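Working notes, structure below.
Each chain gets a letter, A, B and so on, in the order the sequences are listed, and its residues count up from 1. Treat the numbers as computed from the prediction; the structure is a model and nothing was measured.
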There are 2 protein chains.
Amino acid sequence: MDQVEIFKALSNKTRLQILTWLKAPELHFPEQPNADFENVGVCVGQIQMKSGLSQSTISEYLSILQRADLISSTRLGQWTYYKRNKEGLKKLSDIINTEI
Amino acid sequence: MDQVEIFKALSNKTRLQILTWLKAPELHFPEQPNADFENVGVCVGQIQMKSGLSQSTISEYLSILQRADLISSTRLGQWTYYKRNKEGLKKLSDIINTEI
DNA sequence: TTGGTATATCGGAAAAAGTCGATATACATT
DNA sequence: AATGTATATCGACTTTTTCCGATATACCAA
């Protein structure tokens, strides 16, 4: 993944917020039936509601974050759940600490 | 400094390159008379030549990086020298490791 | 003070990103 | 099969970013 794309993904207030929400879902989202935060993450609808932006915008933002390897998704039934991708975030941390 | 502005500053190929160049100036720039890399950094003209972009663009890019606290400047005579800002980069690293 | 060099700022054209509503797709239920 | 719900994709419009050339400013040297 291109470094620039990672930073572009992070250079938007809402996308940064989504990442902080996903860091501690239990603090930011109501309980979910049938899917726990730790394993699968949070579904798109919950994130969209909290953000206040449109469904299409949030869907796109999530795919931008996913293309940058900052989050990953799991489909369960009609829902798509997103959670933090620890490996991608670790790689980002390494870039900051060793390349710039 | 707003987090989003930091990531915006980083979401451009040339600006990222400038930061990597400034991390090891002795590897990327010729010797400078009257100013050592460690103390004052590298002058705008050297950075501009290496980048291949116009003088005005590089001047603007450097001020974007400076506004994000990623680099700092020193004026010596008619030259402005830029170098990495370790504190700002440390703060960025902390954001990555604790907030997202 | 005049001219030369280094950098900063301004104004603009082109490209990219932000954001929406409408529509498509995927899955579940009846 | 038909309907309903969740998410993804498309097309359009607006705002922001990229990058330039021209000009202004700051400093130096003669």
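By the 4.5 Å side-chain criterion applied to Ile, Leu, Val, Met, Phe, Trp and Tyr, B:M49 is assigned to no cluster and stands alone.
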I need a per-nucleotide contact map over nucleotides 2-15 of chain C, read 5' to 3'. Cutoff is protein heavy atoms under 4.0 Å; write B for the base, S for backbone only, - otherwise.
--BBSBBB------

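Hydrophobic clustering of Ile, Leu, Val, Met, Phe, Trp and Tyr side chains at less than 4.5 Å, counting indirect connections, unites A:V4 with B:L53.
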Would you list the atom pairs, donor with acceptor, under 3.5 Å between side chains in residues 16-24 of chain B and any protein atom, with sequence neighbours excluded?
residue : atom : partner : partner atom : Å
B:T20   : OG1  : B:Q17   : O            : 2.8
B:K23   : NZ   : A:I100  : O            : 3.3

Could you give the side-chain donor-acceptor pairs of residues 35-44 of chain A under 3.5 Å, partners two or more places apart or in another chain?
residue : atom : partner : partner atom : Å
A:D36   : OD1  : A:N39   : ND2          : 2.6
A:D36   : OD2  : A:E38   : N            : 3.1

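Counting only residues at least two apart or on different chains, the salt bridge (Lys or Arg N to Asp or Glu O under 4.0 Å) pairs with a member in residues 7-20 of chain B are B:E5-B:K8.
Atoms CG (A:L53) and P (D:dT14) sit 19 Å apart, rounded to a whole Å. D:dT5 atom P lies 15 Å from atom CD of A:Q48, rounded to whole Å. The NZ atom of A:K8 sits 10 Å away from the C1' atom of D:dT17 (whole-angstrom rounding). In this structure, B:E5 atom CD and C:dA17 atom C1' are separated by 14 Å, rounded to whole Å. Atom C1' of nucleotide D:dT17 and atom CZ of A:F7 are separated by 18 Å, given to the nearest angstrom.
Here B:Y61 reaches the OP1 or OP2 of D:dC19: one of its side-chain N or O atoms lies under 4.0 Å away.
In the set C:dT19, D:dG21, C:dA16, the nucleotide with an atom closest to the side chain of A:N12 is C:dT19.
Residues forming a side-chain hydrogen bond (donor to acceptor under 3.5 Å, both in side chains) with A:T57 (at least two apart in sequence, or on another chain): A:S54.
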